[in-house]
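Here's the structure we're looking at; comments come further down.
Residue numbering restarts at 1 for every chain, and letters A, B, ... go by the order of the sequence lines.
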Protein chains: 2
Amino acid sequence: MNLTTAEENYLKAIYHLSEEGKKSVSTNDVAAEMNTKPASVSDMLRKLGEKEVIQYRKYYGVHITEEGKRRALQTIRKHRLWEVFLVEKLNFAWDEVHEVAEELEHIQSPLLIQRLDAFLNFPKFDPHGDPIPDEYGDVRSRPRIPLNEMEVDQSGQIVAVKDSSAAFLRYLDKVGAYIGARIKVLDKVEFDGSLEILVDQKKTLFMSKDVGSNILVLQS
Amino acid sequence: MNLTTAEENYLKAIYHLSEEGKKSVSTNDVAAEMNTKPASVSDMLRKLGEKEVIQYRKYYGVHITEEGKRRALQTIRKHRLWEVFLVEKLNFAWDEVHEVAEELEHIQSPLLIQRLDAFLNFPKFDPHGDPIPDEYGDVRSRPRIPLNEMEVDQSGQIVAVKDSSAAFLRYLDKVGAYIGARIKVLDKVEFDGSLEILVDQKKTLFMSKDVGSNILVLQS
DNA sequence: AAAATAATTTAGCTATATCTAAATAAATAT
DNA sequence: ATATTTATTTAGATATAGCTAAATTATTTT
């Protein structure tokens, strides 16, 4: 049984919301995430329930099923592989890839994805540092902490961002930070939690606690 | 004003039918080409007429407009660039690419196509030997003749096929012919027009007149 | 020129995916 | 425990893209 593009997008949104720890995901949550109206969501939840990728009880929100999770992870896998392709092969900036990947992820061809994966040399993380699920939906994530929770003198590598809005990504680019950059915490201001960071053993960078909390670091 | 995926597909079909020399393209022709019913075509022609990519007079078929031609060629350009990508980078066989390219051609991102074009080194022909229109819809085609119209002892290179059905492409693969192969006509049987061909200065190949008429050759 | 046939269009239906407005259920506050 | 507020669903639209069956127009045959 196949899902339409719209259904795939809803399922992906429900998967992401489910991962945020809540027991169940509400109609309103989904509407906010998808930028649609709750009325449209109700209808879609009924359909997804019938297709058994979610468990839906009217008025009480939804739970994603195992089958639903599997399918959402397939879509996420495709999205992230295309992002790697766009950045590494077509020289897109990492803040330009999301929209296009959002379209590419719905192309139906298991062979295409297999070949793309091989062509890209089986990448394990996308350009934002998010892990790429394997064919079976397994994800190997790296242990990572927000930059602002590191101690002075500790070092690591930027591997992901929490807020991947275009605005934030552009900001990072501007100040010379990027996924993969090697960093060291030079100073933490006790008063406001702002940080002084050494990037790639060259540049010194000042950032607010807020910015720091949006940057995830693999410690070394 | 944008076209939907379905509208793009109809327009492409109308463009191809228009190229076959007829003055105007009929509803039935389009229905046959698109595997839909004439009733559905009537409706779509009305819409495409309103969007001014075709000129539509009820009961008298359609003419594609300049704007329509420009748009059809953009879609064809995208389709053929993706085919090159699938064959050259992802190692697809040339008889496996059509379906996937049919989906990929509808991704909306001028930047993507620009970058893909550059990544592929600005190819001028797709894996079937068909020319790739440039950004402005200009097409440079090579003069080419059907293999069965060549004389004995003449040489050339296979650059395209007329019938690009999967069955025919598989047949060619099986017998060791391919786009790009250098060939020489060793013999033509007067009785039935069948041919004896030397492929890549190594293999000898016998083929019927029918097969020969489906293979297009750039003479040298 | 009328009749028969073929091509095309229209009308009305289905399915998807959205919306607004109204109705209803659940949660919260008094 | 009742009233208010919030969340959710239902009902009824709209738009796209397809279908069948009936109606209409164009073409061909006699």
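Expressed to the nearest 0.5 Å, how far CG of A/Leu147 lies from CD of A/Gln219 amounts to 10.0 Å.
Less than 4.0 Å separates DNA chain D from at least one heavy atom of each of the following residues of residues 30-56 of chain B: B/Thr36, B/Lys37, B/Ala39, B/Ser40, B/Met44, B/Lys47.
With salt bridges taken as basic N to acidic carboxylate O contacts below 4.0 Å, none links A/Arg170 and A/Asp173.
Between A/Asn2 and A/Glu7, the shortest heavy-atom contact is O-OE1, 4.1 Å.
Atom CG in A/Leu11 sits roughly 13 Å away from atom P in C/dA17 (whole-Å rounding). As a whole-Å value, the separation of A/His106 NE2 from C/dT16 P is 18 Å. As rounded to whole Å, 17 Å separates atom P of C/dT16 from atom CG of A/Asn9. Going from atom CG of A/Leu3 over to atom C1' of C/dA17 covers 15 Å, rounded to whole Å. Between the CG atom of B/Asp29 and the C1' atom of C/dA7 there is a distance of 11 Å, rounded to whole Å.
Regarding contacts with the backbone of D/dT6, every side-chain N or O of A/Asn28 stays at 4.0 angstrom or more from both OP1 and OP2. Taking 4.0 angstrom as the limit, A/Ser26 places none of its side-chain polar atoms (N or O) nearer than this to OP1 or OP2 of D/dA7.
The main-chain N or O of A/Glu52 is found under 3.5 Å from a side-chain atom of A/Thr65 such that the two form a donor-acceptor pair. Judged by distance alone, the side chain of B/Lys188 and the main-chain N or O of B/Met150 form a donor-acceptor pair under 3.5 Å. Of the possible polar contacts, none joining the B/Glu88 side chain to the B/Leu120 backbone as a donor-acceptor pair under 3.5 Å is found.
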Sugar-phosphate atoms are those with a prime plus P, OP1 and OP2; base atoms are the rest. Using that split, label each nucleotide of nucleotides 23-28 of chain D B, S or - for protein heavy atoms under 4.0 Å, 5' to 3'. --SS--
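For the residue pair A/His98 and A/Glu102, a side-chain donor N or O sits within less than 3.5 Å of a side-chain acceptor on the partner.
A cation-pi arrangement, defined by a distance under 6.0 Å to the six-membered ring centre and an angle within 45 degrees of its axis, is absent between A/Lys89 and B/Phe85.
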